[in-house]
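Just so we're clear, the structure is a prediction, and the values are computed from it rather than from any experiment. Side chains included, hydrogens not; waters and symmetry mates left out as well; all remaining heavy atoms used. Note that the numbering runs from 1 along the sequence shown for the chain.
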Amino acid sequence: GFKSIHPKAEVVYTDNLNSLKGTVDNFTLADASLISSPFVKVKVITRGEVTAKIALETQFASKSAISALEKAGGSFKKVAIPARKKATEK
(Lines give C-alpha, C1' and ligand atoms only; values in the text may rest on other atoms or scores of the structure.)
Protein backbone atom coordinates (compact mmCIF):
# COMPACT_ATOMS: atom_id res chain seq x y z
CA GLY A 1 0.00 0.00 0.00
CA PHE A 2 0.91 3.66 -0.18
CA LYS A 3 1.98 5.51 2.94
CA SER A 4 2.49 9.26 2.78
CA ILE A 5 5.77 10.52 4.20
CA HIS A 6 4.05 13.76 5.21
CA PRO A 7 2.65 13.70 8.73
CA LYS A 8 -1.06 14.48 9.01
CA ALA A 9 -2.06 17.74 10.63
CA GLU A 10 -3.16 17.44 14.25
CA VAL A 11 -6.73 18.60 14.79
CA VAL A 12 -7.73 21.08 17.47
CA TYR A 13 -11.44 21.80 17.96
CA THR A 14 -12.68 25.33 18.59
CA ASP A 15 -14.37 24.41 21.88
CA ASN A 16 -10.91 23.48 23.23
CA LEU A 17 -9.70 27.05 22.59
CA ASN A 18 -12.07 28.67 25.11
CA SER A 19 -9.70 27.96 28.01
CA LEU A 20 -6.88 29.88 26.27
CA LYS A 21 -6.27 33.62 26.17
CA GLY A 22 -4.34 36.14 24.09
CA THR A 23 -2.22 34.93 21.19
CA VAL A 24 -2.55 31.20 20.63
CA ASP A 25 0.17 29.52 18.55
CA ASN A 26 1.68 26.04 18.30
CA PHE A 27 3.65 26.48 21.53
CA THR A 28 0.55 27.57 23.48
CA LEU A 29 -1.40 24.56 22.15
CA ALA A 30 1.45 22.17 23.02
CA ASP A 31 1.67 23.63 26.56
CA ALA A 32 -2.09 23.06 26.94
CA SER A 33 -1.57 19.43 25.76
CA LEU A 34 -3.92 19.93 22.81
CA ILE A 35 -1.20 18.81 20.37
CA SER A 36 1.74 16.42 20.81
CA SER A 37 4.50 18.88 19.94
CA PRO A 38 4.83 22.53 18.85
CA PHE A 39 6.49 21.36 15.63
CA VAL A 40 3.47 19.64 14.03
CA LYS A 41 0.94 20.98 11.53
CA VAL A 42 -2.19 22.19 13.30
CA LYS A 43 -5.68 22.43 11.84
CA VAL A 44 -8.47 24.12 13.78
CA ILE A 45 -11.96 22.79 13.14
CA THR A 46 -15.32 24.07 14.39
CA ARG A 47 -17.02 22.21 17.22
CA GLY A 48 -19.16 23.84 19.85
CA GLU A 49 -19.01 27.57 20.46
CA VAL A 50 -16.09 29.96 20.62
CA THR A 51 -16.33 32.38 23.53
CA ALA A 52 -12.67 33.27 23.99
CA LYS A 53 -11.24 36.34 22.28
CA ILE A 54 -7.97 34.94 20.96
CA ALA A 55 -5.54 35.68 18.14
CA LEU A 56 -5.01 32.25 16.61
CA GLU A 57 -1.75 31.65 14.73
CA THR A 58 -1.69 28.14 13.23
CA GLN A 59 -1.13 26.47 9.87
CA PHE A 60 -4.76 25.75 8.94
CA ALA A 61 -8.28 26.58 10.08
CA SER A 62 -11.62 25.79 8.52
CA LYS A 63 -13.63 28.75 7.14
CA SER A 64 -16.33 28.22 9.77
CA ALA A 65 -13.70 28.13 12.55
CA ILE A 66 -12.24 31.45 11.34
CA SER A 67 -15.67 33.10 11.22
CA ALA A 68 -16.51 31.75 14.70
CA LEU A 69 -13.23 33.20 16.03
CA GLU A 70 -13.93 36.56 14.43
CA LYS A 71 -17.49 36.58 15.81
CA ALA A 72 -16.01 36.14 19.31
CA GLY A 73 -13.74 39.14 18.67
CA GLY A 74 -10.63 37.13 17.81
CA SER A 75 -8.56 36.73 14.67
CA PHE A 76 -6.75 34.11 12.59
CA LYS A 77 -3.33 34.36 11.00
CA LYS A 78 -1.81 31.57 8.91
CA VAL A 79 1.77 30.91 10.02
CA ALA A 80 4.45 28.42 9.05
CA ILE A 81 5.28 25.47 11.29
CA PRO A 82 7.84 26.73 13.83
CA ALA A 83 11.35 25.49 13.07
CA ARG A 84 13.26 23.58 15.70
CA LYS A 85 16.23 25.52 17.07
CA LYS A 86 19.51 23.88 16.19
CA ALA A 87 21.49 22.64 19.16
CA THR A 88 24.38 25.03 19.73
CA GLU A 89 27.83 23.52 19.72
CA LYS A 90 29.83 23.85 22.92
How close do [X] and [Y] get, heavy atom to heavy atom, and via which atoms?
X	Y	answer
V50	A68	CG2-CB, 3.8 Å
T14	A65	CG2-CB, 3.8 Å
F39	P82	CD2-O, 3.1 Å
K43	A9	CB-CB, 4.2 Å
E49	N18	O-ND2, 2.8 Å
R84	S37	NH2-OG, 4.4 Å

Please list, chain by chain and in numerical order, all residues satisfying salt bridge (charged side-chain N to carboxylate O under 4.0 Å, His left out) with E10, sequence neighbours excluded.
->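 So E10 forms no salt bridge (charged side-chain N to carboxylate O under 4.0 Å, His left out) with any residue.
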Measure the spacing between CD of E57 and OG of S75 and express it to the nearest 0.5 Å.
->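 So the CD of E57 and the OG of S75 are separated by 7.5 Å.
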Audit row: F76, T58, side-chain contact (heavy atoms from CB on, under 4.5 Å) steps and yes/no = CA-CA 8 Å; F76 171 74; T58 59; 3.4 Å; yes
Tell me, please, which residues at least two apart from F60 pass ring pair (Phe, Tyr, Trp, His ring centres under 6.0 Å).
->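 Checked F60 against ring pair (Phe, Tyr, Trp, His ring centres under 6.0 Å); zero matches.
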Please determine, by modelled atom types, if T28 and D25 share a side-chain donor-acceptor pair under 3.5 angstrom.
->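 Per modelled atom types, T28 and D25 side chains form a pair under 3.5 Å.
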Evaluate the criterion side-chain contact (heavy atoms from CB on, under 4.5 Å) for residue pair L29 and L20; output intermediate values, then yes/no.
-> CA-CA 9 Å; L29 294 170; L20 306 170; 3.9 Å; yes
Can you check whether V12 reaches I35 side chain to side chain, under 4.5 Å on heavy atoms?
->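 SC-SC contact between V12 and I35 confirmed.
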Is there a side-chain contact between V79 and Q59 (heavy atoms, below 4.5 Å)?
->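 Counting from C-beta outward, V79 and Q59 do come under 4.5 Å.
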